[in-house]
Every structure is written in C-alpha cells, then in structure tokens.
Undergrad: 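The structure follows.
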Amino acid sequence: MALLPLLQVRDLKKYYPIKKSPLSRTKVFAKAVDGISFDIFRGETFGLVGESGCGKTTAAKAILRLEKATAGSVIFDGIDIMQLDKAAMRQVRRELQVVFQDPYSSLNPRMTVEDIVAEPLIVHKAAKGKELAGKVAELLDIVGLSRNSGERYPHEFSGGQRQRIGLARALALQPKLIILDEPVSALDVSIQSQIINLLEDLQQQFKLTYLFIAHDLSVVNHISDRVAVMYLGKLAEIASGEELFSNPQHPYTQALLSSVPLPDPAAKREKIILPGNVPSPVNPPWGCRFHTRCPYKMDICTQKEPALNAVGDSHFVACHLTGSN
C-alpha cells in the first residue's frame, strides 16, 4: 500500500492584478505561480529550485496561506487547508512552520531571543510560567545556542546564530512540516554547512519533513531527497536528487546544472549559455514557457504547453523533446 503524502499541492496558482495605467480600469495579471502540482512525503526533504523571480517564494507563501492563492488546493495531512476558516487554520499552523531567508529581518529587533522563541508557545497556549522558560532554554540548546542567549537581542548575534534562533522558533510547536525559504543564502559558505548539518540532525531527531527552497543547486543536491525545478511559474522537472543531477532531461535543468562549479578544478564541463532573458510573468510565452530561450525549440513548443509526464521511475519532465507529450 502506497504511503499518502504529508503535503499534496494541486494546480496551485497565484496571480497578482496589475493596472495597465493609473487611469485604466483594465487589469492584467502577473502569473507568479501558474498551476504547479507536487507531493511531499513524510520524513523527506523536497527541494524547489529555480532562478530568482520564478515563483518559488510565492508558492511557499500560498501554501502557508500567508497569501491567498488564486486557485488550486493544498492538502496537508489529509485536510485541504485552502478551505479552512481562520480558527481552523490557526490549529494547522502548529504543525506547519516556516524559516525565512533573511535572519536579519525575520526576527523582531525589539524582542529578546527568549520572547521570540516563546511567542508561538504563548500564542497557541502551549506552555506558561516555569514550563515556558524551560522549553525555551531546551529549544536554544537543541539548535546549538547557550541557554543564557535568551536574555540578548537579535542584533547581538551573527547571521548563522540568528538563523538558529529562527529554527528554534519554528521547532517550538513540534511541527510536522517546515518550509525553509532560502535558509542559507544570506550566510557565509562556512556557516551554510553548519546550518545544513543542523537541519539534517534536527530532521532525524524530530522526524521532520522539509520543503527546501533555494537557487544554489549544490546545497539542494546535498540535502534534498527529491527536487523540483521551477521556471516562470511552472514546474519543468521533478526527480530524485541523484537522478536529476546525473540525468537531467529538461533543457532548462541541463543549463542550470552546467553552471554548478565542479569540486575538481581540473575537471571540464561545457557551460550552457541560455540566450535572452526570462520573459515577464505578465505576458508569458504561449506554449512552453521556456521556448524563447531553448536551444532545441520545435514548432510544437510555441503552440502547445507540455504536460509534466513520467519519463522514468519517479522522474517527471514537462518537455516535448521527451516524446511523452
């Protein structure tokens, strides 16, 4: 019997209305996320990658209901959270947490670390008094911070330490799923490895499930079980990390991977330079979104949008070149 996913995203869309001019009543829409679907299974790390502006963070906000989705469903642990009222969604948020990209702006500078980590416990009435203080101290210890760190303010910590504070806050309510939105991109390389190792340790210790959003493919390759590649609001490819990096099928994925530095300085790899720029989400290309930059463009690419179809075991590609469309 197949295991049910912890998170099922189906045809998720998020459009932003834009007026053509200040005097115009006609609106056009920026299609930031335009019909993406994927599953995340319990205990896995699902990577979501793509260029800046492709819709990764918008998708995360829509999944969390920090922004209202235009269409689609998000089924978390068997419940379509898009249909929940505020009171019911409040309960779900205990099990669905987020760590933001910038550890400098995601923490309130006027609150002590103890108050920041304690806040979700207080809001959800999960602890109070001595029990609350004990849980905060325990959480700080779990993420590698001294227990007396709670008396200090965020500006007194380095970027890596601040991200540990964000992790402690996310862990406070013992969530099932944590969305990690570019959690190491603002950190030095040496600190990145420490945070990645901490994330892996926490996942094993607390049986966590991660949605890991990033643009750094080397980081994604290290931590992710499966990876989805996003381009201009659409998913181009989904595969296991090993399969995606050894056998990329979509031309966009191939171009992305060709830009990843090799650890051996003597090793050679042909870098694929894509022509042009990423089109505007306000007026995306007809047919395949990638056809304006694709070196293998065919007539059908300009006429028909490719579906995300299987090309192997748990490997899905949205490309007419695969012959599955």
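Keep in mind that the numbers below use all heavy atoms, side chains included, and drop hydrogens, waters and symmetry copies.
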Undergrad: Return yes when atom CD of Gln254 has more than 12 non-hydrogen atoms of other residues, nucleotides or ligands closer than 6.0 Å, and no otherwise.
TA: yes

Undergrad: Hydrophobic clustering (ILVMFWY, side-chain heavy atoms < 4.5 Å, transitive) - are Ile272 and Val229 grouped together?
TA: yes

Undergrad: Should Met111 and Val113 be regarded as members of a common hydrophobic cluster, given that ILVMFWY residues are connected when their side-chain heavy atoms come within less than 4.5 Å of each other, either directly or indirectly?
TA: yes

Undergrad: Report whether Val92 and Leu211 are members of the same hydrophobic cluster (ILVMFWY, side-chain heavy atoms less than 4.5 Å apart, transitive linking).
TA: yes

Undergrad: Determine yes or no for a side-chain-to-main-chain donor-acceptor pair under 3.5 angstrom, with Gln83 supplying the side chain and Asp80 the backbone.
TA: no

Undergrad: Please determine whether side-chain contact (heavy atoms from CB on, under 4.5 Å) holds for the pair Phe100 and Leu180, giving the CA-CA distance in whole Å, both sets of side-chain angles, and the decisive distance to 0.1 Å.
TA: CA-CA 6 Å; Phe100 296 101; Leu180 303 159; over 6 Å; no

Undergrad: Answer yes or no: is there a side-chain heavy-atom contact under 4.5 Å between Leu177 and Gln97?
TA: no

Undergrad: Is Leu308 linked to Phe41 within one hydrophobic cluster, defined over Ile, Leu, Val, Met, Phe, Trp and Tyr using a side-chain heavy-atom separation of less than 4.5 Å?
TA: no

Undergrad: Please check if the side chain of His250 supplies one atom and the backbone of Cys319 the other of a donor-acceptor pair under 3.5 Å.
TA: no

Undergrad: Would you call Val74 and Gln8 a side-chain contact if the rule is heavy atoms closer than 4.5 Å?
TA: no

Undergrad: Are Phe157 and Arg152 close enough, and set up right, to give a side-chain contact (heavy atoms from CB on, under 4.5 Å), and what steps lead you there?
TA: CA-CA 9 Å; Phe157 295 87; Arg152 297 157 63 189; 3.7 Å; yes

Undergrad: Would you say that Val49 contacts His215 through its side chain, given a criterion of any heavy-atom pair below 4.5 Å between the two side chains?
TA: no

Undergrad: Under 4.0 Å between a side-chain nitrogen and a carboxylate oxygen: does that hold for Arg226 and Glu44?
TA: yes

Undergrad: Filter on salt bridge (Lys or Arg N to Asp or Glu O under 4.0 Å), then keep only pairs touching residues 197-211, sequence neighbours left out; what's left?
TA: none

Undergrad: Taking side-chain hydrogen bond (donor to acceptor under 3.5 Å, both in side chains) as the test, write out the residues that go with Lys13, two or more places apart.
TA: none

Undergrad: Any non-hydrogen side-chain atom of Val278 less than 4.5 Å from a side-chain atom of Arg293?
TA: yes

Undergrad: To the nearest 0.5 Å, how far apart are CZ in Arg169 and CG in Leu140?
TA: 12.5 Å

Undergrad: Please list, chain by chain and in numerical order, all residues satisfying salt bridge (Lys or Arg N to Asp or Glu O under 4.0 Å) with Glu114, sequence neighbours excluded.
TA: none

Undergrad: Got a sec, which residues hit salt bridge (Lys or Arg N to Asp or Glu O under 4.0 Å) with Lys176, two or more places apart in sequence or on another chain?
TA: Asp77, Glu95

Undergrad: Who passes side-chain contact (heavy atoms from CB on, under 4.5 Å) against Thr58, sequence neighbours left out?
TA: Lys14, Tyr16, Ala32, Val33

Undergrad: Can you list the residues that meet the ring-ring contact (aromatic ring centres under 6.0 Å, His included) rule with Tyr252, with sequence neighbours excluded?
TA: Tyr231, Phe290

Undergrad: Side chains of Leu171 and Leu202, heavy atoms from C-beta outward: is any pair under 4.5 Å?
TA: yes

Undergrad: Please examine the side chains of Glu305 and Cys288, heavy atoms only from C-beta on, and report whether any two atoms are closer than 4.5 Å.
TA: no

Undergrad: Hydrophobic clusters here meaning ILVMFWY residues chained together by side-chain heavy-atom distances under 4.5 Å, can you tell me if Leu64 and Ile75 are in one?
TA: no

Undergrad: Could I get the full list of side-chain contact (heavy atoms from CB on, under 4.5 Å) partners for Tyr153, not counting sequence neighbours?
TA: Thr112, His155, Glu156

Undergrad: Testing Pro275, Pro279, Pro284, Cys301 one by one against Thr292 for a side-chain contact (heavy atoms from CB on, under 4.5 Å), which residue passes?
TA: Pro279

Undergrad: Indicate yes or no for a side-chain donor-acceptor contact from Asn197 to the backbone of Ser193 under 3.5 Å, with no hydrogens or angles considered.
TA: yes

Undergrad: Find the distance between CZ (Arg147) and CG (Leu139) and round it off to the nearest 0.5 Å.
TA: 9.5 Å

Undergrad: Does any part of the side chain of Phe245, heavy atoms only, come nearer than 4.5 Å to the side chain of Leu217, both counted from C-beta?
TA: yes

Undergrad: So does Tyr296 have more than 12 non-hydrogen atoms from other groups sitting under 6.0 Å from OH?
TA: no

Undergrad: Would you list the pairs meeting side chain to side chain donor-acceptor pair (under 3.5 Å) in which at least one residue belongs to residues 282-291, sequence neighbours left out?
TA: Asp34-Arg289

Undergrad: Does a side-chain N-to-carboxylate-O contact under 4.0 Å join Arg10 and Asp39?
TA: yes

Undergrad: If you round to the nearest 0.5 Å, how far is CG of Asp188 from CD of Gln194?
TA: 10.0 Å

Undergrad: Suppose we screen for side-chain contact (heavy atoms from CB on, under 4.5 Å). Which residues come up paired with Ser224, at least two apart in sequence or across chains?
TA: Thr45, Val220, Val227

Undergrad: Any donor-acceptor pair under 3.5 Å linking the side-chain atoms of Ser37 with those of Asp11?
TA: no

Undergrad: Please check if any side-chain donor atom of Asp216 sits under 3.5 Å from a side-chain acceptor atom of Ser218, or the reverse.
TA: yes

Undergrad: Going by the rule salt bridge (Lys or Arg N to Asp or Glu O under 4.0 Å), which residues pair with Arg93 if we only count those two or more places apart in sequence or in a different chain?
TA: none

Undergrad: With sequence neighbours excluded, what pairs up with Gln101 under the side-chain contact (heavy atoms from CB on, under 4.5 Å) test?
TA: Glu182, Ser185

Undergrad: Do Leu232 and Pro285 have side chains that approach each other closer than 4.5 Å (heavy atoms only, starting at C-beta)?
TA: yes

Undergrad: Kindly write out the residues that satisfy salt bridge (Lys or Arg N to Asp or Glu O under 4.0 Å) with Lys135, not counting sequence neighbours, or none if the list is empty.
TA: Glu131

Undergrad: Verify whether one side chain among His124 and Gln91 offers a donor that lies under 3.5 Å from an acceptor in the other.
TA: no

Undergrad: Show the nearest heavy-atom pair for residues Ile195 and Arg164, with the distance to one decimal.
TA: CD1-CG, 3.9 Å

